[in-house]
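Report on one structure; see the data block that follows.
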Amino acid sequence: MEDVLDVYGLAYDPMRPVVCMDEKPYQLLRETREPLPMRPGDDWKVDSEYIRNGTCSTFAFIESLAGRHHVSVREHRTAADWEEEIHYTPKHGSWLNIAEIELNVMTRQCLTRRIDNIHHFSSELSTWESECNTMAAKVDWQFKTSGARIKLSSLYPKFTAAYTEVAIMPNINVSVQ
């Protein structure tokens, strides 16, 4: 966690950008019936039945200090789609991954309805990406290593200074910490 937080705390350097990446699967769904149009005071009426039309993977990249966003849609998620990253978020540490937060924002802003094919899905995300880049939406990450050590102190190991005398040879004692 501290490794990731230290990277987020670096000053912006265009020669060494900090780019966060994460992936999210998406289920492509087609309507079985045409949704009913919205009326004043009513939500859009969508039938609970749908036709599963395959899946795809969304890769989100964000250079949070520069306000640059990129989304890549792939039909599959293979080992070739993943590149080595230098700083991994710890297990159960998804809250540390700015790209995962980006995927959640993208889902709320752009994917709250059924999308039936990968081309339409890719087009929607391309439009969303363009709008984010036009706004140069940046992330102002406030959680720092020093704050983590205080807020999450219960998760850090506790060390106590205990001295024990160990007999190494007769008549020679050494204190071991």
OG1 on Thr107 to NZ on Lys24, rounded to 0.5 Å: 2.5 Å
For His120, ring pair (Phe, Tyr, Trp, His ring centres under 6.0 Å) partners two or more places apart: none
Where at least one partner belongs to residues 10-19, residue pairs that pass salt bridge (Lys or Arg N to Asp or Glu O under 4.0 Å), sequence neighbours excluded: none
Min side-chain heavy-atom separation Asp22-Glu102 under 4.5 Å: no
Summary of salt bridge (Lys or Arg N to Asp or Glu O under 4.0 Å) pairs that have at least one residue in residues 148-157, sequence neighbours excluded: Glu2-Arg149
Shortest non-hydrogen separation from Ala60 to Ala99 and the atoms involved: O-CB, 3.8 Å
Under the salt bridge (Lys or Arg N to Asp or Glu O under 4.0 Å) test, residues paired with Glu131 that sit two or more places apart: none
Under the salt bridge (Lys or Arg N to Asp or Glu O under 4.0 Å) test, residues paired with Glu63 that sit two or more places apart: Arg68
Which residues share a salt bridge (Lys or Arg N to Asp or Glu O under 4.0 Å) with Asp47, sequence neighbours left out: Arg33
Under the side-chain contact (heavy atoms from CB on, under 4.5 Å) test, residues paired with Ile51 that sit two or more places apart: Arg30, Thr32
Sub-4.5 Å side-chain heavy-atom contact between Val71 and Leu103: no
Spacing of CD1 belonging to Ile101 relative to CG belonging to Leu96, to within rounding of 0.5 Å: 8.0 Å
Side-chain heavy-atom pair Leu5, Trp141 within 4.5 angstrom cut-off: yes
Shared hydrophobic cluster, Tyr12 / Val19 (ILVMFWY, side-chain heavy atoms < 4.5 Å): no
Residues in side-chain contact (heavy atoms from CB on, under 4.5 Å) contact with Cys56, at least two apart in sequence or another chain: Tyr26, Leu28, Val73, Ile118, Phe121
Counterpart residues, salt bridge (Lys or Arg N to Asp or Glu O under 4.0 Å), relative to Glu124 (two or more places apart): Arg113
Summary of salt bridge (Lys or Arg N to Asp or Glu O under 4.0 Å) pairs that have at least one residue in residues 135-144, sequence neighbours excluded: none
Over all atoms of both residues, closest heavy-atom pair of Gln27 and Thr55: CA-CG2, 4.3 Å
Test item: Ser123 side-chain N/O and His119 main-chain N/O as donor-acceptor pair under 3.5 Å: no
Any side-chain heavy-atom pair of Glu31 and Asp116 under 4.5 Å: no
Under 3.5 Å: donor-acceptor pair, side chain of Tyr8, backbone of Ile98: yes
Which residues share a ring pair (Phe, Tyr, Trp, His ring centres under 6.0 Å) with Phe143, sequence neighbours left out: Trp95
Nearest heavy atoms of Thr58 and Met106, plus distance in Å: CG2-CE, 3.9 Å
Euclidean distance, Met21 CE relative to Glu100 CD, rounded to 0.5 Å: 12.0 Å
Closest contact, heavy atoms only, Pro17 versus Pro14: CD-O, 3.7 Å
Side-chain donor or acceptor of Thr134 paired with backbone N/O of Ser130 under 3.5 Å: yes
Partners meeting ring pair (Phe, Tyr, Trp, His ring centres under 6.0 Å) with Phe61 (sequence neighbours left out): His70
Asn97 CG to Cys20 SG distance, which is reported to the nearest 0.5 Å: 6.0 Å
Leu29 side, atom CG; Arg114 side, atom CZ - distance, nearest 0.5 Å: 6.0 Å
Side chain to side chain, Ser64 and Val18, heavy atoms closer than 4.5 Å: no
